[in-house]
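In what follows, chains carry the letters A, B, and so on, assigned in the order in which the sequence lines appear, proteins first and then strands, with residues in each chain numbered from 1. When reading the values below, keep in mind they use all heavy atoms of this one structure, side chains included, and skip hydrogens, waters and symmetry mates.
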Number of protein chains: 2
Amino acid sequence: MTDDPWVPPVVLLAVDLVILTLRESRLHVLLIERGIDPYKGNLALPGGFLRHAEEDITAAAHRELSEEADLDVETLRLEQLGVYGDPGRDPRGRVVSVAYLAIAPRLPEPTAGTDAADAGWQPTDRVLSGDLDLAFDHQRIIADGVERARTKLEHSALGTAFCRPTFTITDLQGVYEAVWGITLDPRNFYRKVQKTEGFIVPAGTSRKAATGRPARLFRAGPCTALYPPMVRPAEGPSAKE
Amino acid sequence: MTDDPWVPPVVLLAVDLVILTLRESRLHVLLIERGIDPYKGNLALPGGFLRHAEEDITAAAHRELSEEADLDVETLRLEQLGVYGDPGRDPRGRVVSVAYLAIAPRLPEPTAGTDAADAGWQPTDRVLSGDLDLAFDHQRIIADGVERARTKLEHSALGTAFCRPTFTITDLQGVYEAVWGITLDPRNFYRKVQKTEGFIVPAGTSRKAATGRPARLFRAGPCTALYPPMVRPAEGPSAKE
DNA sequence: CTAGCTTCTTGTCAATCTGACAGAAATAGC
DNA sequence: GCTATTTCTGTCAGATTGACAAGAAGCTAG
């Protein structure tokens with residue numbers, strides 16, 4: 001921003017991907033085992049550097065997703081989560097990483113890609129509790145991603161993105177319960193999502209479970225923003241962070 | 001992310017600041033007139049490159065704020081808004097910019113700083129309508145910042161950040177009306193903010209206006225998150241009852 | 001085939017919240 | 001005093017929420 005002989009410093013730009021899904025009623029995040037230093041052997045988010053100086057950042061995120069996790073890119077909508085660029089977060093130098101968030105329905109185990117020794121789903125609560133040891137500042141990035149998902153569930157139709165193309169209302173309730181970490185009354189939840197116009201639309205058929213009355217099937221509706229929003233019950237007492 | 005002889009490309013990292021305030025019941029954004037190319041003479045957000053390779057990004061944002069706008073940094077809380085790094089957004093090369101958002105009470109006219117030929121507040125609607133010609137992709141950044149402020153007003157106590165240390169409920173209502181671009185019923189607004197625990201606390205005294213009954217003064221309360229949230233009336237025809 | 005179990009779906013009811021509006025309270029100016 | 005103006009306190013119907021009862025539709029065991 002000046003025409004002095006001073007030249008601005010340069011940084012390495014990376015992308016990191018927080019891919020969340022639901023497995024056995026628990027929220028999971030896609031992690032790889034790093035095959036190279038630094039943090040070789042540690043778990044980390046899929047991601048990597050820009051391939052060339054003109055690559056679009058979002059395009060790089062999609063590319064890394066397919067390279068490192070071999071997931072179908074088409075169905076996932078990536079949303080920018082934030083920038084993580086503290087000096088010293090990467091021993092290789094000044095690396096600034098753009099984190100992206102995506103929500104996926106239940107998917108098969110991904111296969112390891114080029115730079116990843118292994119790839120797989122890990123429960124987010126094991127990550128957030130510090131039970132798993134993550135590379136870089138990826139634990140914090142995941143924490144931010146989970147929190148983002150929690151709030152997006154309130155105001156957007158994101159919940160349907162966790163489900164398969166057709167799903168039951170109980171399926172959708174399971175999404176809310178897993179992400180929010182609480183239990184909800186099935187009858188009130190049923191009433192609420194039915195009344196929220198454009199959230200879900202009937203898919204005609206029914207699905208018979210192993211036991212119990214068959215449930216009607218629905219599809220994601222046209223709305224992306226929910227009005228009125230789903231209300232998440234207050235948790236702690238008065239003043240919270 | 002590989003140990004091939006390939007080296008990752010580097011980018012120039014910049015910060016941009018979206019500082020919003022209220023002046024004469026209209027939302028304004030702080031803009032500078034660029035004193036150097038590119039876009040010399042155009043209006044732009046305050047901002048600039050990292051000073052050195054180890055500078056913290058948030059620290060750089062605070063530094064640019066004081067350098068270019070000469071505003072009191074202490075009282076402003078900067079919040080990361082997003083990353084803007086499309087190839088070609090800056091003719092000087094691959095520049096990736098981290099945008100920050102801050103909300104300020106009514107402040108005096110800032111003085112021009114080093115790189116800025118002039119600095120001043122501009123109404124956001126003139127920016128968003130395309131009436132003013134902004135440098136780079138700064139119009140879009142401002143649009144995102146305004147939208148962020150709108151939604152934050154719903155769920156956080158951000159509204160008080162637009163006000164001076166003590167304010168009346170009518171002052172606070174003016175904030176909501178200006179940012180949301182609608183009018184609200186004073187009686188229902190009064191009831192709502194009073195009932196939302198921790199939002200505002202009485203400041204004891206009253207302020208007498210030029211005319212009319214004196215209004216009680218309040219301060220910002222301890223809560224940052226509002227529960228229940230302020231509800232913004234639905235606007236679009238899309239999916240409404 | 002019937003009883004029992006499970007799960008989905010439809011209601012009911014009181015408490016609360018919202019939106020619209022009436023009107024009293026407090027000050028300045030005449 | 002009287003009026004204009006703004007702040008504050010109520011009222012009231014309709015909508016929403018949270019808690020819970022009970023019917024509906026399947027499966028399985030006997």
Visitor: Calculate the interatomic distance between Q194(A) atom CD and dT10(C) atom P; express it in whole Å.
Guide: 7 Å

Visitor: Please tell me which of T211(B) and P228(B) maps to the more 5' nucleotide of DNA chain C, matching each residue to the nucleotide holding its nearest heavy atom.
Guide: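 Its nearest nucleotide lies further toward 5', so the answer is P228(B).
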
Visitor: Counting only heavy atoms not in R89(B), do more than 12 sit closer than 6.0 Å to its CZ atom?
Guide: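 Check passes, neighbour count above 12.
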
Visitor: Of the listed nucleotides (dC8(D), dC8(C), dG19(C)), which one gets closest to any side-chain atom of V231(B)?
Guide: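 The closest nucleotide is dG19(C).
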
Visitor: In this structure, how many angstroms lie between the P atom of dG19(C) and the CZ atom of R232(B), rounded?
Guide: 14 Å

Visitor: For a quick check of understanding: with a heavy-atom distance under 4.0 Å over all strands, which category does T168(B) fall into, base, sugar-phosphate or nothing?
Guide: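 No contact.
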
Visitor: Between the base of dG18(D) and the side chain of R191(A), is one N or O donor paired with an acceptor at under 3.5 angstrom?
Guide: yes

Visitor: Taking the six-membered ring for Trp, are the ring centroids of F167(B) and F218(B) within less than 6.0 Å of each other?
Guide: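 Ring centroids of F167(B) and F218(B) are no less than 6.0 Å from each other.
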
Visitor: Within the pair K192(A) and dT17(D), is there a side-chain N or O less than 4.0 Å away from OP1 or OP2?
Guide: yes

Visitor: Could you give the CZ-to-C1' distance, from F189(A) to dT16(D), as a whole number of Å?
Guide: 16 Å

Visitor: Tell me the interatomic distance from N188(A), atom CG, to dA15(D), atom P, rounded to whole angstroms.
Guide: 18 Å

Visitor: So, do V146(B) and V179(B) sit near enough that their side-chain heavy atoms are less than 4.5 Å apart?
Guide: no

Visitor: OP1 or OP2 of dT10(C) less than 4.0 angstrom from a side-chain nitrogen or oxygen of Y190(A), does that happen here?
Guide: yes

Visitor: Tell me if the side-chain of R213(B) makes a donor-acceptor pair with the base of dT7(D), cut-off 3.5 Å, by modelled atom types.
Guide: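 Result: at least one qualifying N/O pair found.
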
Visitor: Between atom NZ in K195(A) and atom C1' in dT17(D), what is the gap in whole Å?
Guide: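 Rounded to the whole Å, the gap is 9 Å.
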
Visitor: Whole Å only: how far is the CG atom of D185(B) from the C1' atom of dA22(C)?
Guide: 12 Å

Visitor: Please report the distance, rounded to the nearest Å, between CG in L172(A) and P in dT9(C).
Guide: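 Distance check: L172(A) CG to dT9(C) P gives 12 Å.
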
Visitor: Less than 4.0 Å between a side-chain N and a carboxylate O, is that true for R232(B) and E147(B)?
Guide: yes

Visitor: If each of R216(B) and G212(B) is mapped to the nucleotide of DNA chain D with the nearest heavy atom, which maps nearer the 5' terminus, i.e. the 5' end?
Guide: G212(B)

Visitor: Return yes if a side-chain donor-acceptor contact under 3.5 Å exists between D144(A) and Y84(A), otherwise no.
Guide: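 Yes, because at least one side-chain N or O of D144(A) sits under 3.5 Å from a partner of the opposite role on Y84(A).
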
Visitor: Side chain of P214(B) only, heavy atoms from C-beta on: which candidate in dC21(C), dT27(C), dT10(C) is closest?
Guide: dT27(C)

Visitor: Looking for any heavy atom pair under 4.0 Å, which part of the strands does R187(A) touch: base, sugar-phosphate only, or nothing?
Guide: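 Base, at least one base heavy atom under 4.0 Å.
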
Visitor: For I200(B) and dC8(D), what is the distance between atoms CD1 and P respectively, to the nearest whole Å?
Guide: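 The distance from CD1 of I200(B) to P of dC8(D) comes to 10 Å, rounded to the nearest Å.
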
